[in-house]
Structures are given as structure tokens and as C-alpha cells.
Amino acid sequence: MKLSKLLFNSLKESPKEAKIISHQLMLRSSMIRQHTSGIYTWLPLGFKVLKNIENIIRQNQDEIGCNEMLMSTIQSSELWKKSGRYTDYGKEMLRIIDRHENELLYGPTNEEVITDLFSDYVNSYKALPKYLYHIQWKFRDEIRPRFGVMRGREFLMKDAYSFDLTEEGAYETYKIFFRSYLKTFLDLGLQPIPVKAATGAIGGDLSHEFQILASTGESELTYDPKLVDSNLFEKSYEEITLMYSASDEMIDKSKSDVIVGRGIEVGHIFNFGTKYTKPLECYVLNKDGKRITPHMGSYGIGVSRLTAAIIEAFHDEKGIKWPINIAPFKINIISQSNSELNEEIENIYNTLTSKYNNISLDDRDLSIGRKIKDSELIGIPWTLIIGNNYKEKGQIEVIRRSDGDKVFLSKQEIENFEFEQYTP
RNA sequence: CGGGGAGUAGCUCAGUCUGGUAGAGUGUCUGCUUUGGGAGCAGAAAGUCGCAGGUUCGAAUCCUGUCUCCCCGACCA
């Protein structure tokens with residue numbers, strides 16, 4: 001994409017409401033704009049990042065046989081009255097009355113809707129287990145929204161729901177999701193710490209949060225340092241859960257040899273048995289024709305929060321440093337304006353675009369210094385400068401955002417350069 | 001919800017104490033000069049001073065009410 005076409009306006013100073021680095025950088029780089037407290041418009045750059053994260057999550061869900069679907073944002077209150085949560089959920093729930101005086105709500109989560117749907121569509125034990133998910137906007141009327149999209153009221157969440165015939169089956173499913181979550185966060189370039197967690201309003205007896213370590217994180221956690229391991233996925237569920245970790249309300253004060261830190265909760269998984277299937281009268285028939293109440297679990301990932309969490313993990317004083325598979329653009333080509341090289345540059349841009357399909361060309365009429373600053377702020381993994389060095393020596397300067405390393409390559413070499421081999 | 005703070009130009013802020021009719025930096029626009037690290041010069045546009053009411057000859061400034069936003073704490077992906 002040519003940056004002259006992009007709705008984008010970098011800010012030198014950060015708006016005063018932004019207190020944490022990810023919020024500041026998201027505002028300065030035109031990723032988001034606040035609409036009202038805890039509610040944001042995703043501008044083109046932020047939206048690209050959001051979609052990239054979403055796709056990595058989607059691939060991982062699909063890998064474990066999860067069905068993607070899309071449930072509505074607005075729900076009827078009826079099912080919530082059946083499950084008992086219409087009163088339990090309290091003021092966090094945004095309630096809406098339609099013109100016929102019907103009570104509706106903006107969904108904060110989807111256990112009721114999915115259980116009702118499953119109950120209608122699945123009648124036989126042969127269909128189990130089934131995993132369903134969607135990626136949809138949620139609304140929770142937080143007491144105090146803060147830190148930009150880190151704690152918004154409206155947020156994008158991937159929520160999956162599993163249905164198993166037995167408690168044992170549900171436990172096996174829980175382990176599958178547990179491991180899939182580790183892989184998802186590692187794919188996103190993050191180091192997840194799974195911690196035993198309280199189950200809160202969702203209910204149930206088994207639950208893990210997935211935390212990303214960050215000093216600005218909202219939750220306190222303690223963990224065995226061995227959990228910080230980029231090969232964590234190689235270990236089994238049992239091996240991992242033997243290592244100690246706990247979120248604040250579960251902390252065992254007598255423990256030693258553990259690290260106390262702060263984290264950003266980016267995922268949460270629950271195993272809650274028949275908590276919803278029972279009140280909503282969801283059942284399937286077993287081979288004896290007897291009614292069996294399925295065991296459920298639910299599995300959330302905060303997609304919009306992850307954009308902020310990733311920035312918290314990858315930034316420096318100059319701006320964001322996106323991992324290459326999340327970056328809004330992989331490569332940004334910078335040139336001088338009014339250059340005689342325009343045709344050459346256009347060629348290089350087209351060649352790289354056909355290879356990587358996600359390249360930007362900064363064709364704005366600005367000084368080269370300004371373009372470099374913007375490229376750093378936005379956090380594009382590779383910046384190519386086609387300027388004096390190219391004119392004089394045929395060299396393109398290639399700068400890697402992660403560490404600032406530079407190499408000078410010819411036009412020929414650029415076409416064969418392995419840009420994908422990149423970790424921040 | 002309790003405690004604290006703030007609303008003045010797109011952004012950062014001064015002006016409010018002591019009332020006299022709107023300022024700076026940055027960004028934006030135009031022209032010229034520039035072009036390797038947020039360039040220089042000249043010119044321009046841009047704000048019903050959050051909103052409503054009151055006091056006053058006169059209100060960004062004083063008074064009353066109200067709305068919004070932010071920060072600290074208790075809940076959550």
C-alpha cells in the first residue's frame with residue numbers, strides 16, 4: 001500500500017490521557033481513536049494488526065478441530081434468566097429495552113446462547129465431543145475502563161465452547177485447549193505463563209489464566225521460573241501443571257523459589273461441567289437411549305487486548321517493534337520525494353509486493369528523516385531506504401527494526417533476501 | 001461506587017488567583033528554498049474557552065447547576 005493513501009497521522013506528542021506505553025504508541029501511530037470511555041474506533045493500521053492477530057488465533061483453533069461460527073452481539077435476556085446469570089452478572093451487563101419492551105442485552109459472553117444452540121442441533125452421543133468458537137465483539141460495562149484497549153468496555157474476544165459426553169472427556173478436551181493456547185501465544189511471539197486461577201462468574205472447578213509478563217500488567221502472579229521457556233509447548237499438560245504458578249487470589253504464601261511478577265491476562269480457560277447444560281436442559285441420548293447432560297468448557301482469548309499486550313512486550317523509545325507475522329506491513333520502502341528514481345522504486349515495490357503481499361511504500365512528500373521516524377514509530381519490521389546510496393552506488397539500505405541492524409543490498413539481492421527470517 | 005484531577009486550535013499547554021472580549025509550540029494549508037534522522041524562510045486558515053443558567057456595562061476568568069474525560073482503589077478476556 002502506498003502510504004499517501006493511508007488514513008494515518010503520526011503524533012509527536014502523546015495525548016495526555018494515555019498513561020501506559022502501549023496506549024501512547026497506539027494513539028501516536030494512528031491505530032485507534034477513543035470514541036468514548038472504554039470504546040474505540042480501530043483505524044486502518046490498528047485494524048490490520050487486529051486482523052493479523054485474529055488470523056493466528058483462528059489457525060490454531062482450526063488445528064484442534066474447532067468450528068468457527070458467529071453469534072450475535074445482542075442477546076435475548078430469556079436464556080440468562082434460565083441460567084440464573086441475568087441477576088448474577090449485575091451492572092457489568094449492558095441491558096437494552098427494545099420498542100416492544102423486550103429485555104435484550106449486549107453479550108458479555110456466550111455460554112447461554114451456545115448451550116441453547118447446541119441443545120437444538122445435537123441430539124446424539126455420536127456427535128460428541130464438539131468444539132465451537134467465534135471471534136466477536138463483547139461488551140462489559142467495566143466500573144473503570146483504563147489503559148486504552150487493555151481494559152476497554154467493548155472488546156474483541158475469541159471464545160470457544162466444548163461439549164463432551166463425560167467428565168473425563170471434558171478433562172481431555174481441557175488439556176487439548178490448554179496446549180493449543182500455549183502454541184497460539186508462542187506463535188504470536190509471546191511467552192505465556194499458565195497460572196491456576198479462580199473461576200469467577202463463569203463458574204466451574206478447573207481454570208487457568210494465560211499471562212504475559214509485563215510490568216504494567218494488572219494482575220499479580222507467582223510462578224516457577226522454569227515456566228518461562230520458549231519450548232514449553234514440548235512439555236505435556238501434566239509436566240507443566242506440576243510446576244507452581246498462581247494468580248493473586250490463589251497465591252500460596254508459604255512457597256519459596258518462585259518469582260512474583262505482574263502480568264497481562266490474555267487468555268482464560270474454564271472447565272465447568274454441567275453448570276449451564278443442566279439449567280438450560282441440554283442433553284444428548286447415549287447408546288442406551290438414556291438422556292445424558294454434556295460437560296462443558298469455555299476458552300477465551302482477548303484479541304483486542306493482545307494488540308496492546310504485544311506492544312507492551314515489543315517496543316523501545318522510538319516506537320513499536322512488531323513481530324513480522326503481526327505487523328501491519330512487513331516492509332516499508334522509503335524514498336526521497338521528487339526523486340528521479342521513482343520508476344525503479346515502483347519496480348522494487350511491485351516485486352516485493354508480489355512476493356510478500358503486505359508491503360508499504362512511503363510516497364508522501366516528506367523529508368526522509370520524517371519517514372524513517374514514522375517507520376520506526378509504526379514498528380514495521382523492515383525499512384528499505386532508496387536514496388543517495390542507491391543513486392551513487394546502487395545500494396539499498398535495509399534496516400531491521402528489532403535491533404537497528406543495517407545491511408546494504410543491491411536491487412538483485414533484495415529480491416532474494418529472506419525477510420521472513422525475523423524474530424524481534 | 002469512594003477518593004483525587006482535568007475540560008481553551010488536530011495534539012501538548014499558557015491565560016483563570018487579580019473580569020476588559022483568545023495566546024504559544026507543534027501539526028495543517030500556500031509559495032520558495034530544501035531532501036540521509038521529525039528541514040529553513042515567508043504567509044495563511046483554524047477555538048460559540050465542555051454545556052446551561054446567573055452576577056456584571058463587560059465573563060475563558062466570579063457564582064450555581066450539569067455533562068464528559070483521566071488517575072488511585074474494589075470486579076474482569
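Order of the sequence lines fixes the chain letters, A, B, ..., with proteins taken first and strands second; residue numbering starts at 1 for each chain. Worth saying up front: this structure is predicted, and the values here are computed from it rather than measured.
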Main chain of A/Met150, side chain of A/Arg305: is a donor-acceptor contact present, judged purely on distance under 3.5 Å? yes

Would you classify A/Asp159 as touching base, sugar-phosphate or nothing, given that sugar-phosphate means primed atoms plus P, OP1 and OP2, and contacts are heavy atoms under 4.0 Å? nothing

The side chain of A/Asn389 is closest to which nucleotide in this list: B/rU68, B/rG36, B/rC71? B/rG36

Is any side-chain nitrogen or oxygen of A/Ser304 closer than 4.0 Å to OP1 or OP2 of B/rA77? no

Within the structure, does a side-chain N or O atom of A/Arg144 lie under 4.0 Å from either OP1 or OP2 of B/rC72? yes

A/Asp362 atom CG is separated from B/rG38 atom C1', nearest whole Å, by 12 Å

Across the strands shown, which category fits A/Ile399 at heavy-atom distances under 4.0 angstrom: base, sugar-phosphate, nothing? base

Base, sugar-phosphate, or nothing: which does A/Gly90 touch, judged by heavy atoms less than 4.0 Å apart? nothing

Position toward the 5' end of RNA chain B (nearest nucleotide), A/Pro145 or A/Ser14: A/Ser14

Using a 4.0 Å heavy-atom cut-off across all strands, classify A/Glu142 as base, sugar-phosphate, or nothing. base

Just by distance, no angles: are the side chains of A/Glu111 and A/Ser83 close enough, under 3.5 Å, to form a donor-acceptor pair? no

Just call it for A/Gln34: base, sugar-phosphate, or nothing, with non-hydrogen atoms closer than 4.0 Å on any strand. sugar-phosphate

Ranking B/rG38, B/rC71, B/rA77 by distance to the side chain of A/Lys373, first place goes to B/rG38

Is the shortest side-chain N/O distance from A/Arg146 to OP1 or OP2 of B/rC76 below 4.0 Å? no

Which comes earlier along RNA chain B counting from the 5' end, the contact point of A/Lys16 or that of A/Ile143, where each point is its nearest nucleotide? A/Lys16

Among B/rA39, B/rC70, B/rG38, which is the nearest nucleotide to the side chain of A/Glu17? B/rC70

Any base atoms under 4.0 Å from A/Arg28, or only sugar-phosphate, or nothing? Heavy atoms, all strands. base

